[in-house]
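The next block holds one structure in the form of C-alpha cells; read it before the comments.
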Amino acid sequence: MGTLYYGAQDTPIHIEDRALAHLKVVIATKLRRNESFTLSWQHPEEEPRGRSTIWLHPSIPLMFVFDDPEPPELSRAWIEKLAHSANTSGGILLVDEVLDDPSGED
C-alpha cells in the first residue's frame with residue numbers, strides 16, 4: 001500500500017502501489033503543465049466508508065511513497081483513462097485498472 005502526502009494534511013492518503021504509480025504519471029504531467037485539478041477516490045475497505053476529493057495545485061507540496069522498491073510495469077490504457085478523466089470538470093476519478101481480455105471477448 002503506497003501513500004500520498006499532500007500539503008500540510010495530517011492524514012496520509014493510502015493508495016495501492018500500482019494505482020499510485022499510474023496516478024503519479026498523470027499528476028506529474030498535469031502539474032508540470034501548471035494545471036490544477038481534483039483527485040477523487042473511494043475509501044479503502046479498512047477505512048470508514050465514503051469518498052474523498054482533494055484539489056491538486058502546482059504550488060502545494062506532494063510526495064509519493066511506495067512500499068514496493070521496484071516500479072511496476074505501467075499500463076498505457078490505464079494512464080490514458082486517468083488522464084482523460086483529469087481533463088474533465090470532475091477531475092481524476094481513481095478507478096480500478098481494467099485488464100484486457102486476452103481472448104478478445106469483453
Side-chain angles (χ1 to χ4, degrees):
M1 183 68 65
T3 308
L4 178 66
Y5 294 94
Y6 186 64
Q9 286 189 53
D10 292 337
T11 307
I13 302 164
H14 299 289
I15 300 173
E16 187 272 325
D17 265 18
R18 182 165 174 75
L20 188 59
H22 285 78
L23 275 175
K24 182 181 122 183
V25 171
V26 176
I27 290 171
T29 299
K30 297 283 287 178
L31 295 178
R32 188 173 36 251
R33 295 177 184 156
N34 209 30
E35 297 175 12
S36 300
F37 54 97
T38 60
L39 168 62
S40 302
W41 66 93
Q42 290 185 354
H43 297 168
E45 289 181 13
E46 63 274 4
E47 293 181 8
R49 189 170 176 248
R51 60 187 168 87
S52 295
T53 299
I54 57 173
W55 177 254
L56 290 138
H57 187 276
S59 67
I60 300 173
L62 176 66
M63 182 171 69
F64 300 87
V65 178
F66 299 91
D67 285 344
D68 191 344
E70 297 299 321
E73 185 173 329
L74 298 177
S75 162
R76 178 179 295 271
W78 198 10
I79 290 171
E80 288 173 357
K81 188 172 187 175
L82 293 169
H84 176 72
S85 72
N87 293 322
T88 67
S89 60
I92 297 176
L93 177 58
L94 181 56
V95 295
D96 291 334
E97 180 175 15
V98 177
L99 301 176
D100 292 332
D101 183 353
S103 68
E105 299 175 12
D106 288 325

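Start at 1 with the first residue, then count along the sequence.
By the 6.0 Å contact criterion, CD on Glu80 is enclosed, its count of non-hydrogen atoms from other residues, nucleotides or ligands being greater than 12.
Taking the side-chain hydrogen bond (donor to acceptor under 3.5 Å, both in side chains) definition, one finds that Thr88 meets it with nothing, sequence neighbours left out. Remark: Ala21 pairs with Phe66, Pro72, Leu74 by the side-chain contact (heavy atoms from CB on, under 4.5 Å) rule, at least two apart or across chains. His43 pairs by the side-chain contact (heavy atoms from CB on, under 4.5 Å) definition with Trp41, Glu47, Ser52, not counting sequence neighbours.
In the hydrophobic cluster analysis, where Ile, Leu, Val, Met, Phe, Trp and Tyr join through side-chain heavy atoms closer than 4.5 angstrom, Ile60 is grouped together with Leu23. Hydrophobic clustering (ILVMFWY, side-chain heavy atoms < 4.5 Å, transitive): Leu93 and Trp55 are in distinct clusters.
If you take CD1 on Ile13 and CG on Leu4, they are separated by 4.5 Å, rounding to the nearest 0.5 Å. Of the inter-residue distances, the one linking Ile15 atom CD1 with Thr3 atom OG1 reads 9.0 Å to the nearest 0.5 angstrom.
The salt bridge (charged side-chain N to carboxylate O under 4.0 Å, His left out) contacts involving residues 23-45 comprise Lys30-Glu35, where partners must be two or more places apart or lie in separate chains. Sorted by first then second residue, the salt bridge (charged side-chain N to carboxylate O under 4.0 Å, His left out) pairs that include residues 50-70, not counting sequence neighbours, number zero.
The shortest non-hydrogen separation linking Leu31 to Pro58 is CD2-N, 3.6 Å. Closest of all the heavy-atom pairs between Ser85 and Ile92 is OG-CA, 3.4 Å. Of all non-hydrogen atoms in Val26 and Ala83, the two that sit nearest each other are CG1-CA, 3.8 Å. Contact detail for Leu94 and Ala19: the closest heavy-atom pair is CD1-CB, 4.2 Å.
Side-chain contact check for Ile79 versus Thr29: every heavy-atom pair is 4.5 Å or farther apart. Under the 4.5 Å side-chain criterion, counting only non-hydrogen atoms from C-beta, Leu39 is not in contact with Tyr6.
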Checklist line | Working for side chain to side chain contact (heavy atoms under 4.5 Å, CB included), residues Ser75 and Arg18 | finding: CA-CA 10 Å; Ser75 162; Arg18 182 165 174 75; 4.0 Å; yes

Checklist line | Worked verdict on Phe37 versus Asn87 for side chain to side chain contact (heavy atoms under 4.5 Å, CB included) | finding: CA-CA 8 Å; Phe37 54 97; Asn87 293 322; over 6 Å; no

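The hydrophobic cluster around Met63 extends to Tyr5, Val65, counting ILVMFWY residues whose side-chain heavy atoms fall within less than 4.5 Å of a member.
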